[in-house]
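Per chain, numbering begins at 1; letters A, B, ... match sequence-line order.
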There are 2 protein chains.
Amino acid sequence: MNPALDAETGLADAPPGHKEELRLWLRLLTCTTLIESEVRRRLRARFGTTLPRFDFLAALDRAPEGLTPGEVSRRMMVSSGNVTGLAARLEDEGLIERRAHHSDGRAQILRLTPRGRREFARQSAAHEAWIAELLADVAPRERAELFRLLGRAKQSVRARLTEEKP
Amino acid sequence: MNPALDAETGLADAPPGHKEELRLWLRLLTCTTLIESEVRRRLRARFGTTLPRFDFLAALDRAPEGLTPGEVSRRMMVSSGNVTGLAARLEDEGLIERRAHHSDGRAQILRLTPRGRREFARQSAAHEAWIAELLADVAPRERAELFRLLGRAKQSVRARLTEEKP
DNA sequence: GGCATGTAGTTTAGGCTTGAAGCATCTTCC
DNA sequence: GGAAGATGCTTCAAGCCTAAACTACATGCC
């Protein structure tokens, strides 16, 4: 796969149709960055934790029977090496625990400890309220439309990704 | 199981409207992450560079007179300590150069070198094409609407941020 | 069984990122 | 002029993140 490199785009003053997609992408990125860094700030200030840790607990919270590190890696969309490090820290803090997999000798099962579950419940409630607060000025109808259009974008991107690794 | 947790999503109870904002946020984050990690992958594969470096060059490319590190920090929305490190690496690679500020003894001016400008032009053309490619399935009308709604979201978030630090 | 191939996790080197502490310089206000 | 505070930048410690190399186990095929 080779995205048709537009010959005319080489110079700064070239105004091809592409510019619009670029502006859309930059705005998407700005929105995400603004929300994400505010959430990081608050997680740190209120709970002394970080977004990756929060996301990790969230993944486990949704799977009461536990998850393998590989599954956590896929759900969080991060590398498996990253999961190894995060899991070690969370285990040290007593928020998660490891068990051997019942049938696969290579795998493990990670689960929230009772304390991890309690901690996450507190954090999660606050987190949900923060998001609602930050997006309060987007009317319900606009939110629904935004959600739909983002779904479209997601689909568009995913189609291009799977295309090139068959 | 914690009775305060919703059985389906594992998320804590909250006033009814909140779930929707959360789903919107998660989708926004997924979209951004998908595009961003694909762009990182391609920048690495094709140009042996990284997204922060690319963004840094982009900021300087838009300012022919050069920028102070502080200005770069604001435009990239990253900490000033971060800019220090990136600038050092880019200077080592000969892509940017530093000059003393004409009037402020504390400040500097960072500018692209000719080589930096050439490098960025190459990368930028490819980057723009990638974004257009990834978003190709979003129709022009949908793109415009998405852009507008994201503007609304951005505005909503920003209003909440400035609110609390007067 | 036994080899080839694939998959699950870990390790490692290197880069990115932040918040906080620190230094130098600038600005303001007396 | 000079003190007090603000601003620009760097340094530092700690954590996040990835790709690539590696180990250990599993599975398929003969």
Please report the distance, rounded to the nearest Å, between NE2 in B:H102 and P in C:dC26. 12 Å
How many whole angstroms separate atom CZ of B:F47 from atom P of C:dG15? 20 Å
Please check if the number of heavy atoms outside A:R46 that lie under 6.0 Å from its CZ is greater than 12. no
Any base atoms under 4.0 Å from B:R44, or only sugar-phosphate, or nothing? Heavy atoms, all strands. sugar-phosphate
Whole angstroms only, please: what is the NE2-P distance between A:H101 and C:dG9? 8 Å
What's A:S103 touching, base or sugar-phosphate or nothing? Going by heavy atoms closer than 4.0 Å. sugar-phosphate
Could you tell me which non-hydrogen atom of B:E65 sits nearest to which non-hydrogen atom of B:I109, and how far apart they are? O-CG2, 3.7 Å
Any salt bridge linking B:E20 with B:R23? Criterion: basic side-chain nitrogen under 4.0 Å from a carboxylate oxygen. no
Show your reasoning for whether side-chain contact (heavy atoms from CB on, under 4.5 Å) applies to A:L51 and A:E36. CA-CA 8 Å; A:L51 191 50; A:E36 194 174 328; 3.6 Å; yes
With a 4.0 Å cut-off on heavy atoms, is B:T50 in touch with a base, just the backbone sugar-phosphate, or nothing at all? sugar-phosphate
Could you state the CG-P distance from A:L43 to C:dG19, rounded to the nearest angstrom? 12 Å
Check A:M76 against A:P52 and note the closest heavy-atom contact, atom names and distance. CE-O, 3.5 Å
Atom-to-atom span, CZ of A:F56 to C1' of D:dG15 - whole angstrom: 15 Å
Nearest-angstrom distance from the residue atom CG of B:L86 to P of C:dG14: 18 Å
Before giving the answer on side-chain contact (heavy atoms from CB on, under 4.5 Å), spell out for A:L134 and A:E38 the whole-Å C-alpha distance, their side-chain angles and the decisive distance to 0.1 Å. CA-CA 9 Å; A:L134 292 172; A:E38 180 64 13; 4.2 Å; yes
The single option from B:F56, B:F47, B:F54 that satisfies ring pair (Phe, Tyr, Trp, His ring centres under 6.0 Å) with B:F120 is B:F54
Return the nearest nucleotide to the side chain of A:V78; candidates are D:dA19, D:dG15, D:dT18. D:dT18
Here the distance between atom C1' of C:dG9 and atom CD of A:E91, to the nearest Å, is 14 Å
From CZ of A:R41 over to P of C:dG19, roughly how many Å is that when rounded to an integer? 7 Å
One character per nucleotide, please: for nucleotides 7-12 of chain D, 5' to 3', B when the base has a protein heavy atom closer than 4.0 Å, S when only the sugar-phosphate does, - otherwise. BSSBB-
Judged by each residue's nearest nucleotide on DNA chain C, which is more toward the 5′ side, B:G105 or B:S79? B:S79
